[in-house]
Structure formats: C-alpha cells, structure tokens
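Pasting a structure below so you can have a look.
Computed from heavy atoms alone, side chains included, the values below leave out hydrogens, waters and symmetry copies.
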Amino acid sequence: MCALKSIRDLCRSGMGCVDRGDYLGGRFLLRQALRQAQALASPVLEAKILNSLGVACLLEGSSRDAAGYFARALERVESRAGKGNKLYAVIEGNLRRAETGDEDPAGPGPDGEKAWNRDDLTVF
C-alpha cells in the first residue's frame with residue numbers, strides 16, 4: 001500500500017473514532033499516522049496530523065495537551081512553508097482556542113450543544 005494512502009486512511013479512521021467519542025482509539029491511530037509521516041520527512045504532513053491530534057485532545061477537553069500538539073504543528077509549518085498560509089492560520093487559531101480554554105468559540109448552540117464541530121478545526 002502506498003505510504004500516503006496508509007497515512008490518509010489512518011487519519012480518517014482516527015478522526016472517525018474521535019467523532020464517535022473514542023478519543024483514545026482516535027489518538028492511537030493518529031499517532032501511527034504521525035510515525036509514518038515522520039518516516040517520510042514531510043513537515044507539512046506531520047503538521048496536519050499534529051493538528052488533528054490537537055483537535056482530538058481539544059474535543060476531549062484536554063486543552064493543555066491540545067496546545068502542545070498545536071505548538072508542534074506550527075513549528076513544522078513555519079519551518080517548511082512559513083507563516084503566510086491557510087494551514088498556519090488554522091493551526092494558530094486552534095492554539096489560541098486551546099490556550100484560552102475556548103472549547104467552543106461560537107458558544108453553545110440553541111439546544112445547548114456545541115455550535116461547531118471538528119471540521120471547523122481541521123485542515124485535511
């Protein structure tokens with residue numbers, strides 16, 4: 001199987017777990033994807049996966065862990081693509097959310113549920 005396809009499949013499966021509330025399983029699959037991306041020496045791909053790991057932590061309520069993943073992701077993007085790009089902007093916004101504890105930037109929806117979902121935070 002092509003390495004990029006394997007990474008994509010692991011990321012999709014991992015975020016699928018997160019969507020179902022299986023944060024432990026999701027983070028496990030995303031860490032596998034990250035190891036494969038590191039073997040390819042692709043900082044931008046690593047940054048996208050680190051961002052997804054941060055999103056999983058943020059949605060789980062682990063803002064401190066999320067901030068760590070987002071900070072690492074920003075380092076990877078900046079090293080390869082600089083700061084003036086959409087990927088950097090999305091991750092930087094996620095880091096701000098994690099640092100401020102703003103788990104739902106839009107506030108609760110009319111039914112008291114989160115008004116945003118992980119698609120607001122991810123870049124895949």
Item to check | Reported CG-to-CZ distance for the pair N51 and R72, which is rounded to 0.5 angstrom | outcome: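 Output value for this atom pair is 12.5 Å.
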Item to check | Nearest-0.5 Å distance, CZ of residue R80 to CG of residue L87 | outcome: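 The CG atom of L87 is 13.0 Å from CZ of R80, to the nearest 0.5 Å.
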Next on the checklist: Looking at every heavy atom in both L58 and S63, which two are closest together, and how far apart are they?
Outcome noted: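 Minimum heavy-atom contact is CD1-OG, 4.0 Å.
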Item to check | Worked verdict on C17 versus Y23 for side chain to side chain contact (heavy atoms under 4.5 Å, CB included) | outcome: CA-CA 6 Å; C17 288; Y23 301 106; over 6 Å; no
Checklist entry - Would L4 and L34 show up in the same hydrophobic cluster when neighbours are defined by side-chain heavy atoms closer than 4.5 Å? => result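 They do share one cluster, since a chain of ILVMFWY contacts under 4.5 Å joins L4 to L34.
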Checklist entry - Checking S6 side chain against C2 main chain: does a donor-acceptor pair fall under 3.5 Å? => result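 Looks like no, no N/O pair under 3.5 Å.
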Next on the checklist: If hydrophobic clusters are built from ILVMFWY residues whose side chains come within less than 4.5 Å, do F28 and V18 share one?
Outcome noted: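 No: no chain of side-chain contacts under 4.5 Å links F28 to V18.
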Next on the checklist: Please find the pair of heavy atoms, one from Y69 and one from C57, that lie closest to each other, and give the distance.
Outcome noted: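 Looking at all heavy atoms of both residues, the closest pair is CE1-SG, 3.7 Å.
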Checklist entry - Are the side chains of C11 and L30 in touch, meaning some heavy atoms are under 4.5 Å apart? => result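 In contact.
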Next on the checklist: side chain to side chain contact (heavy atoms under 4.5 Å, CB included) for I7 and Q32? Distances and angles first, verdict last.
Outcome noted: CA-CA 8 Å; I7 292 168; Q32 286 185 345; over 6 Å; no
Checklist entry - Can you get from L45 to L10 by hopping between Ile, Leu, Val, Met, Phe, Trp and Tyr side chains that sit under 4.5 Å apart? => result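 No, L45 and L10 fall in different hydrophobic clusters.
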Next on the checklist: Under 4.0 Å between a side-chain nitrogen and a carboxylate oxygen: does that hold for E60 and R27?
Outcome noted: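 Between R27 and E60 there is a salt bridge, with a charged N closer than 4.0 Å to a carboxylate O.
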Item to check | Pairwise distance CG(L50) to CG(N94) - rounded to 0.5 angstrom | outcome: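 Result: 12.0 Å between the selected atoms.
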Checklist entry - Looking only at heavy atoms, what is the nearest atom pair of Q36 and A3, with distance? => result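 Smallest interatomic distance, heavy atoms only, reads OE1-O, 4.0 Å.
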Checklist entry - How long is the gap from CG on D19 to CG on L59, to the nearest 0.5 Å? => result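 Answer rounded to 0.5 Å: 8.5 Å.
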Checklist entry - Any side-chain heavy-atom pair from M15 and V55 closer than 4.5 angstrom? => result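 Side chain of M15 against side chain of V55, heavy atoms only: contact under 4.5 Å found.
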Checklist entry - Within the side chain of S52, is there an N or O that forms a donor-acceptor pair under 3.5 Å with the backbone of K48? => result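 Here the side-chain-to-backbone pair exists.
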Next on the checklist: Using every non-hydrogen atom in the two residues, find where L95 and A71 come nearest and quote the distance to one decimal.
Outcome noted: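 That would be CD1-N, 4.2 Å.
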Checklist entry - Does one hydrophobic cluster hold both I91 and Y88, with members joined at side-chain heavy-atom distances below 4.5 Å? => result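 I91 and Y88: one cluster.
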Next on the checklist: For A67 versus E99, what's the shortest heavy-atom pair and its separation?
Outcome noted: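 Taking A67 first and E99 second, the nearest heavy atoms are CB-CG, 4.4 Å.
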Next on the checklist: Using 0.5 Å steps for rounding, measure from the CG atom of L29 to the CD1 atom of I49.
Outcome noted: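 CD1 of I49 is found 11.5 Å from CG of L29.
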Next on the checklist: Within this structure, what is the CD-CZ distance for the pair E46 and R76, rounded to the nearest 0.5 Å?
Outcome noted: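 So the gap between those two atoms works out to 5.0 Å.
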